[in-house]
Each structure stands twice: as C-alpha cells, then as structure tokens.
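Here's the structure, in structure tokens; my notes come after.
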Number of protein chains: 2
Amino acid sequence: MGRMERRPAGANLAGLRDHNAALVLGLLRASAEGGSRVQLAAQTGLTPQAVSKIVGRLLADGLVVEAGRGESTGGKPRTLLALRPEAGCAVGIELDRRRSTILVLDLAGTTLRRRSVDIGLASGEPERVVGALAKRVSQAVRAAPDGAKVLGVGVGCRGPLDYETGTLHRPAGLPAWDGFPLRGLLEESLDVPNVLLDKDTNVAALAAPAAVSGSTAYLHLADGLGAGLLLNGAVHRGARTNAGEFGHQVLQPDGPQCTCGARGCLEALCMAALADDDPQTAARWLGVGAANLVRLLDIDRILLGGHQIFASPDVYPRAVADQIAEHLPEPEWQSVRVSLTPAGASAVAVGAAQLVIDSALGGI
Amino acid sequence: MGRMERRPAGANLAGLRDHNAALVLGLLRASAEGGSRVQLAAQTGLTPQAVSKIVGRLLADGLVVEAGRGESTGGKPRTLLALRPEAGCAVGIELDRRRSTILVLDLAGTTLRRRSVDIGLASGEPERVVGALAKRVSQAVRAAPDGAKVLGVGVGCRGPLDYETGTLHRPAGLPAWDGFPLRGLLEESLDVPNVLLDKDTNVAALAAPAAVSGSTAYLHLADGLGAGLLLNGAVHRGARTNAGEFGHQVLQPDGPQCTCGARGCLEALCMAALADDDPQTAARWLGVGAANLVRLLDIDRILLGGHQIFASPDVYPRAVADQIAEHLPEPEWQSVRVSLTPAGASAVAVGAAQLVIDSALGGI
DNA sequence: CGAGTTAAGCAACACTGTTGGCAAAGCGCA
DNA sequence: TGCGCTTTGCCAACAGTGTTGCTTAACTCG
C-alpha cells in the first residue's frame with residue numbers, strides 16, 4: 001500500500017520533468033501576480049529555453065494561461081503567465097467526532113463549497129462512516145467547475161495516526177477505528193487518485209499563504225493543545241506521524257495533573273486557566289511554550305487556531321508575541337510574526353485540501 | 001558568496017546524474033557490506049542497466065571498487081561493490097577558545113590523523129587565527145593517502161553563527177569575530193573546494209552512523225547546553241542557523257536565574273545541579289527536557305556528548321532513557337535509543353568532517 | 001524611422017535513463 | 001558429464017530532457 005516511499009528514490013527523465021514542472025507551478029502559485037518565462041528562468045536557474053518548453057507543456061495541459069503582458073523593461077514586454085485556478089480542485093475534510101467539514105478548494109485556494117455535518121464518527125461503524133463520507137465527497141465534487149480535474153481528497157483528523165499507512169492509531173474512545181484502513185477504503189470508494197490522511201494540526205499549518213522561506217508553527221488550542229510544524233516549508237511528521245505533541249511539554253514538574261499522566265504539562269496549565277475562565281493566564285502559558293518552540297526550532301511565524309483561541313481572538317496573539325519577545329535574546333534579529341490562522345475555523349479542512357494540492361502539484 | 005541557494009532549484013541532466021550517483025554512493029556508504037548492482041537497482045528504483053552505467057562512472061572515477069563476489073542466489077553470483085575509502089578525505093575542525101582539534105577523515109569515516117592545539121581564538125586577531133588554521137590544515141592534509149581527493153574542510157564552532165554566510169554572529173566575548181568572514185577567508189587561504197561552517201552541536205549530530213530512517217537529537221552538555229537536530233536525516237538549522245537552543249526552554253518559570261535572562265531554563269537547572277556536584281539531578285533535568293523534545297519532534301534516537309556527560313558516562317544515558325520512558329504514552333510504540341556519541345570527545349571535529357563528506361558525496 | 005534591447009521560439013545537440021536482446025556464470029537434476 | 005534454468009551484467013538502439021546557437025517578435029529610445 002505504501003504510496004509514500006521513505007526510501008531515497010532514483011530519479012529518471014520523467015521525474016526530472018515533473019520536478020521542474022512542479023517548481024514552475026509552485027512559483028506561479030506563490031506569486032499572485034504571476035510571472036514571465038524569463039523571471040521563472042532566473043528563479044529556477046534553468047535556461048529560458050527550458051522554461052519555454054516546460055511552460056508550453058503546462059499550457060497544453062491547461063494548468064497555466066497567458067495573462068496579458070507586463071511592462072517593458074526596454075525591450076519586448078514580458079508575457080505574463082498565471083495559474084488557471086479552475087483547472088483543478090481538491091476536497092478537504094475535517095473529520096471530527098462532533099462536526100465534520102467537507103469543502104472544495106480550487107488551485108488558487110478559493111473555497112468553492114463548504115458543508116458541515118455530524119458524520120457519526122463516534123457512534124457508527126467505521127465502514128458506514130466511510131460510506132457516508134464517500135457520498136458527501138461525491139456531492140461536493142459536483143460543485144467543481146466543468147473540466148476541473150479532481151486532484152484528490154485530504155482528511156485532517158485528530159491523532160494519533162499513521163500518515164504512511166493512512167490509519168488511526170488507538171484513537172481515544174474509538175476502539176473500532178484502531179488500525180482501520182481509513183485511507184485505503186476511502187480511496188477505493190471514491191475512485192480519486194490521491195487520498196491523504198494527516199493530523200489536524202499538521203494540515204492546519206498549511207492553511208495559510210506559504211512563507212517564501214523559513215519555518216512556521218501552527219498552535220491549536222481546542223479540547224487539547226497541539227502543534228503542526230512546517231520546517232523549511234515541509235510538514236515535519238516524524239517516523240510515526242507523532243511529531244507536534246506540543247501540549248505535553250512539562251513546564252512545571254510539580255504542577256497540576258495532566259490527562260497524559262505527567263504533571264505540569266503545558267496543556268494542563270492552559271486548561272486549568274481556561275477552567276478558571278482566565279484566558280489571559282492560558283495565553284501567557286501558551287506564550288511560554290511558544291517561546292520554547294521558537295528558540296528550539298528557529299521559527300519565523302506562529303499561527304494560532306482552535307476554538308479556544310477564537311473565543312478570545314485579541315488576547316492570544318498579543319500574549320504569545322509578548323512572551324516570545326521577552327524570551328528571545330535578539331528579537332530584532334529573529335522577528336517572529338504571530339497571527340491568527342487566516343482560515344479561521346475552517347483551517348483544518350482548508351489545510352487538508354491544500355495538502356492534496358501541494359502533493360499533486362509539487363509532487364514528483 | 002552564497003554557495004547555498006535556499007531557493008528551489010531547477011534540475012537538469014547534470015543534476016540528475018549527480019543525484020543518482022550520490023544516491024548510489026550513499027547506499028554503499030550506509031551498508032558496510034557493500035552491495036551489488038541489482039541490489040542497488042532494487043533500493044533506488046532505477047533499472048539495473050541505469051545502475052550499471054552509474055557504477056561504471058563511479059568505477060572510472062575511482063570512488064568505488066569491485067570487491068569480490070557474493071553468494072549465488074540460484075544464478076550468477078553478484079559482483080560486490082564497495083566504497084574506496086582512500087579515494088577522498090575531509091578535514092574536520094572543532095574551533096574552540098581553549099583547545100581546537102583538527103583531524104582528517106577518509107570516506108569510510110576512519111580518522112587518519114588528529115591534532116589538538118590552542119589556536120588562540122580568544123586572544124588573537126581573526127586574520128591571524130585564520131592564517132594559523134590554514135597552516136595546520138595544510139599540514140594535516142599531507143597525512144592523506146596519495147591520490148586522495150581533499151573534499152573540503154568543515155568547521156564546527158559554538159554559535160550563534162550563520163551557516164549561509166559562514167560568519168559568526170555576535171559571539172560572546174569575541175567582538176572582533178562578529179560578522180568576520182571566517183568561511184570565505186579560509187576558503188581563499190586553503191584552495192580547497194568546499195569550506196563549511198556550522199554549529200558544534202549540529203555537526204556533532206553527524207558523528208554517528210547514519211540512521212536509516214527517522215530523526216536523531218544530539219544533546220551537548222558542556223559549558224552550556226545545546227542540541228543538534230537531525231530531522232529525517234537532515235540537519236535542521238532554521239533560517240538563521242539558530243535552531244537547537246535546547247538549553248533555554250523554561251522548565252520552571254520561578255526557577256533559578258539563567259545567564260540568558262530568563263528564570264528556570266533547563267540549562268540553568270542542570271548547571272545549578274552540577275555546581276552542587278549532583279550529576280544525578282542534572283541528568284534527571286536533562287531527561288525531562290529530552291522527553292519534551294522527543295514528544296515534540298518524534299525523535300528516534302538520542303546521542304549524548306560534551307565533557308559534563310563524559311564526566312559521568314554511566315549516569316546520563318540511563319537517567320535520560322528513564323525520563324523518556326516515563327513521559328512517553330506508548331514507549332513500546334516509539335522506542336527511543338539513548339546512547340553516548342560514539343565519537344566521544346572528538347564528536348564535533350568528526351562531525352565537521354562528516355558534514356563535508358555528506359555535502360560532497362550527497363550534494364547535487 | 002532606424003538602432004538597440006529584451007522576450008520568446010526553432011533546430012540541432014549532448015546526455016540521461018529505458019528497453020530489448022544477449023553473453024557470462026553459477027545451481028540443480030538426470 | 002550434460003543440459004535446462006536462473007540470475008547477473010553489458011551492448012545497442014531509443015525516447016525525451018535541458019542546453020546551445022541563432023532567428024524572429026515587439027517595444028524603447030534617440
């Protein structure tokens with residue numbers, strides 16, 4: 001089943017072509033303005049002629065269109081190229097025990113359709129839930145524009161889970177789902193090329209305009225506290241998709257008991273403050289943890305999400321930024337931007353769809 | 001000067017060739033046994049014929065030799081291939097204010113020569129220190145076997161520094177070195193193709209047999225406490241080479257004052273315990289921090305180094321392993337190996353040389 | 001209006017890995 | 001010993017990549 005081969009892979013001409021095509025698409029996706037062939041050549045290091053050939057293939061595939069002309073810089077003006085958003089779409093699913101969200105994104109990241117529903121994750125049998133999901137996805141896909149290629153389906157779900165195999169791993173309170181081949185069955189039911197299952201926090205980190213460089217951490221404060229790590233632009237999952245256990249760093253070895261068994265976990269401290277209806281204190285603790293994270297991983301950007309964050313949207317960004325500034329030795333050298341996730345409450349579903357788009361457009 | 005382009009790079013045929021050659025070399029380097037062409041084909045996903053061509057080029061370059069035959073598996077026995085260790089060498093330098101180490105490694109990682117000397121880092125002018133270093137490197141290179149290509153020079157140094165530009169950034173107590181073009185000048189003085197400057201903790205993480213998969217953290221407890229992170233096999237540096245600030249995670253917001261200004265940093269707690277001549281307590285604190293790290297990044301292996309570790313080599317690995325086992329929810333699922341760095345006190349210098357070898361053999 | 005400049009395309013090319021066929025070198029059984 | 005079978009590795013022809021050298025298109029400037 002292993003779609004993802006961790007092993008180092010040999011590259012051939014087809015891989016070379018796809019790699020360069022993905023590179024060009026990625027650059028066009030990053031800059032809303034679009035770019036010309038010469039610009040792409042400069043950015044990729046390829047010769048202009050090679051870019052011309054690559055762009056020619058992308059034009060033939062309908063992924064890219066010529067969009068007018070730029071200003072002249074003394075000679076023939078540049079022909080601007082732009083991604084054609086309606087050339088493809090991806091489905092993103094936030095799978096939650098209470099309320100699941102299913103949405104469709106086009107290549108530009110615009111939401112074409114969004115529905116929320118209780119899919120019966122906790123009550124129903126896994127097979128039935130997959131069937132219901134498949135039905136909802138089929139409905140959603142019909143919202144895609146004519147000729148839009150469905151690139152795949154992304155599912156964001158609370159962990160633990162295994163990204164490689166696409167299965168949940170001992171999910172709390174859902175014994176029937178342990179090891180259940182969620183991704184595999186979804187793939188079979190849907191007849192869609194690309195089905196991916198990842199942790200909610202991991203995909204939520206993707207639901208923001210891609211930073212050109214550097215690393216981003218998404219902090220999710222809801223029923224629990226977790227993080228999604230985008231290190232040098234790529235999701236860091238770890239060998240067991242276990243990375244991002246941000247909430248269980250011990251910050252007070254003699255602190256309050258946490259559900260995980262330890263004492264003084266960051267999550268326990270935040271939750272205790274929230275139970276006291278004291279988001280200020282929770283935000284300060286979150287900031288201490290964020291500062292630890294920033295120093296450990298040299299993070300450039302922090303995104304905040306989860307319903308506890310949105311309950312006090314003015315409190316958290318400021319408190320977190322303050323703590324980071326206080327703990328960094330040189331805040332002017334490493335300036336960390338802290339903000340709410342732009343996708344708001346849909347961050348997980350949007351990010352799940354973005355994961356698919358990234359994989360399809362950026363993959364080998 | 002930017003040798004390292006962070007920007008995504010277009011790939012051409014030369015890049016394809018080098019990539020595949022590096023892949024084959026890496027596999028031969030990883031398995032001491034060596035391997036045959038068919039094995040390499042299976043591991044890389046390339047066709048046997050492609051591997052034959054690649055190996056042919058490597059044989060012509062003298063990087064690889066045919067080393068006997070394997071057992072037959074029912075047909076013609078496999079021709080074993082092995083890396084030729086004496087085909088190349090790399091110089092590794094641990095640059096320290098008290099005692100610097102300069103050594104030469106062959107491709108197999110065997111130390112051919114090692115010298116330690118006070119290079120006068122704190123007292124001398126930077127230019128003079130670079131001159132002295134260049135002289136020592138030239139002497140060391142003469143120890144290389146005839147025909148061995150000198151792949152480059154790696155320098156491991158205490159941070160903060162900038163890997164991209166190869167300069168130190170406001171090193172404590174060494175104002176003359178701030179922004180001094182250490183790498184650039186060394187490169188000019190030495191006439192060696194590849195000079196790299198990296199943090200001591202980062203390179204030390206490389207001074208161990210490469211893990212086939214997963215992530216490694218090297219924890220360095222000496223005058224300070226830092227970490228080197230090998231995430232999915234690659235050093236994670238962050239945009240400012242600032243990652244690895246492991247010692248300044250706050251573990252006790254009302255704890256002892258740290259030199260960094262904060263209170264209750266892990267480093268301050270460890271140092272306080274060591275000042276009380278209590279390595280057991282220091283080791284337990286280190287373990288708490290390590291457990292946080294393992295949960296956050298899904299680490300597979302922990303390596304310990306630094307002279308405080310070697311002062312009590314029996315205490316630390318056990319205490320760290322115990323803390324990790326205690327804090328992990330499923331120790332049997334994520335089993336973390338904890339050990340002393342096999343390179344011992346030479347870990348930084350060995351790792352610096354390994355960084356060069358990795359770059360030369362594995363780079364584009 | 002012509003010279004200069006920049007953008008993009010055409011044709012020939014060098015080089016990659018791939019495919020199909022074949023020789024070499026062992027094993028196993030009659 | 002002889003023969004068939006399997007596995008390994010190489011030779012030759014091939015498809016397809018980016019590269020090079022040159023040409024055409026389109027605009028600015030004097």
Side-chain angles (χ1 to χ4, degrees), chain A residues 5 8-25 27-28 33-61 64-82 364, chain B residues 5 8-25 27-28 33-61 64-82 364:
Chain A
E5 295 145 22
N12 53 20
L13 281 174
L16 182 76
R17 166 168 45 74
D18 292 349
H19 169 85
N20 284 339
L23 195 62
V24 167
L25 277 175
L27 288 168
L28 288 177
E33 269 283 302
S36 73
R37 291 168 176 82
V38 273
Q39 280 180 305
L40 291 169
Q43 288 170 328
T44 57
L46 295 168
T47 59
Q49 182 58 24
V51 174
S52 262
K53 285 190 178 180
I54 294 164
V55 168
R57 292 196 292 262
L58 294 175
L59 287 169
D61 290 346
V64 163
V65 288
E66 296 192 340
R69 308 208 147 165
E71 289 184 12
S72 167
T73 58
K76 173 176 174 178
R78 298 167 173 179
T79 309
L80 294 182
L81 301 166
I364 291 273
Chain B
E5 296 145 20
N12 53 20
L13 282 174
L16 183 75
R17 166 168 45 72
D18 292 348
H19 169 85
N20 284 338
L23 196 61
V24 167
L25 277 175
L27 288 169
L28 288 177
E33 269 283 301
S36 74
R37 293 167 175 83
V38 273
Q39 280 179 306
L40 291 168
Q43 288 169 329
T44 57
L46 295 168
T47 59
Q49 182 57 20
V51 173
S52 261
K53 285 189 180 181
I54 294 165
V55 168
R57 291 195 294 261
L58 294 175
L59 286 168
D61 290 346
V64 163
V65 287
E66 295 192 340
R69 308 207 146 165
E71 289 185 12
S72 167
T73 59
K76 175 176 171 177
R78 299 168 171 178
T79 309
L80 294 182
L81 301 166
I364 289 275

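Residue numbers start from 1 in every chain, and the chains themselves are labelled A, B, ... in the order their sequence lines are given, proteins ahead of strands. Please read these numbers as outputs of a predicted model, since none were measured by experiment.
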Return the CZ to OG1 distance between R78(A) and T73(A), rounded to the nearest 0.5 Å. 5.0 Å

Applying a 4.0 Å non-hydrogen cut-off, can you work out what P48(B) is touching in the nucleic acid: base, sugar-phosphate, or nothing? nothing

Give the rounded distance in Å between these two atoms: CZ of R69(B) and P of dA25(C). 7 Å

Can you name the closest pair of heavy atoms from G70(A) and P77(A) and give their distance? O-CB, 3.3 Å

Steps toward side-chain contact (heavy atoms from CB on, under 4.5 Å) verdict (V24(A), L81(A)): CA-CA 10 Å; V24(A) 167; L81(A) 301 166; over 6 Å; no

From C-beta outward on S52(B), which listed nucleotide comes closest to its side chain: dG9(D), dC27(D), dG18(D)? dG9(D)

Both L46(A) and L59(B) contact DNA chain D. Taking the nearest nucleotide for each, which residue is further toward the 5' end? L59(B)

So if I take every side-chain heavy atom of T79(A) and compare against dG9(D), dA8(C), dT16(C), which nucleotide ends up nearest? dA8(C)

Candidate pair N12(A) and L16(B), rule side-chain contact (heavy atoms from CB on, under 4.5 Å), full reasoning: CA-CA 7 Å; N12(A) 53 20; L16(B) 183 75; 5.7 Å; no

Can you tell me how far C1' of dG17(C) sits from CG of L13(A), to the nearest Å? 6 Å

Which nucleotide in the list dT18(C), dC10(D), dT17(D) gets nearest to the side chain of T47(B)? dT18(C)

In whole Å, I'd like the distance from the CG atom of L80(B) to the C1' atom of dT8(D). 12 Å

Could you check how far CZ of R57(B) sits from P of dC10(D), rounded to whole Å? 13 Å

Non-hydrogen atoms of G74(B) and S72(B) that approach each other most closely: N-OG, 3.0 Å

Do you know which two heavy atoms are closest between A9(A) and H19(B), and how far apart they sit? O-NE2, 3.3 Å

Taking the side chain of K53(B) as heavy atoms from C-beta outward, which of dG26(C), dG18(D), dT18(C) is closest to it? dT18(C)

Separation of dA15(D) P from R17(A) CZ (nearest whole Å): 15 Å

Per side-chain contact (heavy atoms from CB on, under 4.5 Å), E66(A) is matched among L59(A), L80(A), V55(A) by L59(A)

Side-chain donor/acceptor of K76(A) to base of dT24(D), under 3.5 Å: no

Need the bend value for the helix from dC1(C)-dG30(D) to dA30(C)-dT1(D): angle between end axes, 5 pairs each end, nearest 10°. 10°

Distance, rounded to the nearest Å, where N12(B) contributes CG and dT19(D) contributes P: 5 Å

Rounded interatomic separation in angstrom, taking CG from L81(A) and C1' from dA8(C): 11 Å

Paired with L23(B), the side-chain contact (heavy atoms from CB on, under 4.5 Å) test is passed by just one of I54(B), D18(B), T44(B), L28(B), namely T44(B)

Looking at N20(A), does any N or O in its side chain come under 4.0 Å of the phosphate oxygens OP1/OP2 on dT17(D)? no

Which of dT7(D), dA8(C), dT18(C) is nearest the side chain of T73(B)? It is dT7(D)

Among the candidates dA8(C), dG18(D), dG9(D), find the nucleotide nearest to the side-chain atoms of R78(B). dG9(D)

From CD of Q49(A) across to P of dG18(D) the rounded distance in Å is 10 Å

